[in-house]
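This report refers to the structure that appears directly beneath it.
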Amino acid sequence: MTSQSISLRLSESLADPLFATAERGGVIVLLIVRGSVFAEIDDKSYRLDEKCIVTLFPMHTLSVQWQSDDAVCVWLWIPFDFMADFPLLLPPEASEQFSARPVYRFAEMDFAVLKRVFDTLADYYAAREHPSRQNMLKAQTFIFLSELLYRCAGCAVEVRIGRSGILTDAFFALLHRYYLTEHALAFYAGRLCITTKYLSKVIRRTTGHTVYFWIEEFVTKEAKRLLRSTDDTVTQIAEQLNFPNSSFFAKFFRRHTGLSPVEYRNGQR
């Protein structure tokens, strides 16, 4: 049977169904090239920023909680049978290391080298008519994985631990559930049984932004989605997002985007 080939893609979203399944039959290597992402990998929370690399084995599942508007990633899926007849063998500890610690944050120089090797691999991937394409892909994939393994020492990202991490995770879980209707700091602090001051302090320390930033960020992204992908009126969208009226919603939207809801919708068409 002919082995499967790799799959390589540039994406502006980490919400790809392939990331969420444990039945992908291979390894995914995900490079964050711009922006920030909050994600859960096997129910553990990570902040994925520019120069982060994620390795997803079949036992891993990734769920995106939030990503910035400028987030861009590139990813590579390598089927196991594609690696079975590599021209050279990777060290046996490689798969154990990558599966045990899936997230790595690199220094600028190391990430630049890895991205350059990845881009070369992408060039070979695009050369679909080349008679030696499959062999070149295997050789370059081996080079990329070897560089990744070499540069991973000391770059693994540890999972947040302690009360601050637990509270941050709990806050984002609540925010995902209630952001459409609840926009007040007091609501989230009350559900977590802590003071508003303490919640504000923890979220600013662990994420670099305020609670209100995250609430408004979630609401703004949902407003953009509704304006882009539905024919609902501005008044209907304001009601869905629990604004008192369309005027309040329009002022909120302009403050965060520089455009009125109508201007934004017209610009997307």
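These figures come from a predicted structure and were not determined experimentally. Worth knowing before you read on, the calculation uses all heavy atoms, side chains too, and leaves out hydrogens, waters and symmetry mates.
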Next item on the list: Give a yes or no on whether the backbone of T233 and the side-chain of Q236 come within a donor-acceptor separation of less than 3.5 Å.
Entry: yes
Notebook entry, point to check: Is a donor on one side and an acceptor on the other found under 3.5 Å between the side chain of R34 and the backbone of D70?
Noted result: yes
Item checked: Within the 6.0 Å centroid threshold, strictly below: F172 and W214 -> yes
Check: Is the F248-F243 ring centre distance short of 6.0 angstrom?
Finding: no
Can you find a pair of side-chain heavy atoms, one from [X] and one from [Y], that are under 4.5 Å apart?
X	Y	result
W75	L56	no
E217	H209	no
F253	S260	no
R265	R228	no
I41	T61	no
V113	R151	yes
F111	I53	yes
E222	L241	yes

Do you know which two heavy atoms are closest between [X] and [Y], and how far apart they sit?
X	Y	result
V33	E50	O-CG, 3.4 Å
A238	S246	CB-CA, 3.9 Å
A186	T196	CA-CG2, 3.8 Å

[atom1]-[atom2] distance between [X] and [Y], expressed to the nearest 0.5 angstrom:
X	Y	atom1	atom2	answer
S200	F171	OG	CZ	9.0 Å
R225	I237	CZ	CD1	9.5 Å
T141	L148	OG1	CG	12.0 Å
K44	H60	NZ	NE2	8.5 Å
K197	L185	NZ	CG	13.0 Å
F252	H183	CZ	NE2	7.5 Å

Check: Would V54 and I28 count as a side-chain contact (heavy atoms from CB on, under 4.5 Å) if you check the C-alpha gap in whole Å, the side-chain angles of each, and the deciding distance to 0.1 Å?
Finding: CA-CA 8 Å; V54 182; I28 290 175; over 6 Å; no
Next item on the list: Go through the steps for L167 and Y198 under the test side-chain contact (heavy atoms from CB on, under 4.5 Å), then give the verdict.
Entry: CA-CA 10 Å; L167 279 174; Y198 184 64; 3.3 Å; yes
Note to self: For N242 and T181, which I'm curious about, is there any donor-acceptor pair between the side chains at under 3.5 Å?
What the structure shows: no
Notebook entry, point to check: Between the side chains of S36 and S68, does any donor sit under 3.5 Å from an acceptor?
Noted result: no
Next item on the list: With side chain to side chain donor-acceptor pair (under 3.5 Å) as the test, would you mind laying out the steps for Y125 and R133 before giving the verdict?
Entry: CA-CA 7 Å; Y125 182 77; R133 177 176 181 263; 5.1 Å; no
Next item on the list: Test side chain to side chain donor-acceptor pair (under 3.5 Å) on Y46 and E40 and set out the steps.
Entry: CA-CA 6 Å; Y46 296 88; E40 288 188 354; over 6 Å; no
Item checked: K201 atom NZ: more than 12 heavy-atom contacts under 6.0 Å -> no
Check: How about Y150: does its OH atom have over 12 heavy atoms from other parts shown lying under 6.0 Å from it?
Finding: no
Check: Looking at Y124, does the NZ or CZ of R128 lie under 6.0 angstrom from its six-membered ring centre and within 45 degrees of the ring axis?
Finding: no
Check: Is the closest basic N to carboxylate O distance between R191 and E182 below 4.0 Å?
Finding: no
Next item on the list: Please determine if R47 and D49 form a salt bridge, counting it only when a charged side-chain N lies under 4.0 Å from a carboxylate O.
Entry: yes
Margin query: Under the criterion side-chain contact (heavy atoms from CB on, under 4.5 Å), I'd like the reasoning laid out for L180 against Q240: C-alpha separation, chi angles, the key distance, then a yes or no.
Written below: CA-CA 7 Å; L180 290 176; Q240 292 176 56; over 6 Å; no
Check: Between L48 and F38, is a side-chain contact (heavy atoms from CB on, under 4.5 Å) present by the stated rule, with each step listed?
Finding: CA-CA 6 Å; L48 309 176; F38 279 92; over 6 Å; no
Next item on the list: Check each of L30, L31, V29 against V74 using the side chain to side chain contact (heavy atoms under 4.5 Å, CB included) test, and report the only one that passes.
Entry: L31
Next item on the list: Any chance you could lay out the salt bridge (Lys or Arg N to Asp or Glu O under 4.0 Å) test for K51 and D110, step after step, and finish with the verdict?
Entry: CA-CA 9 Å; K51 297 186 284 293; D110 287 325; over 6 Å; no
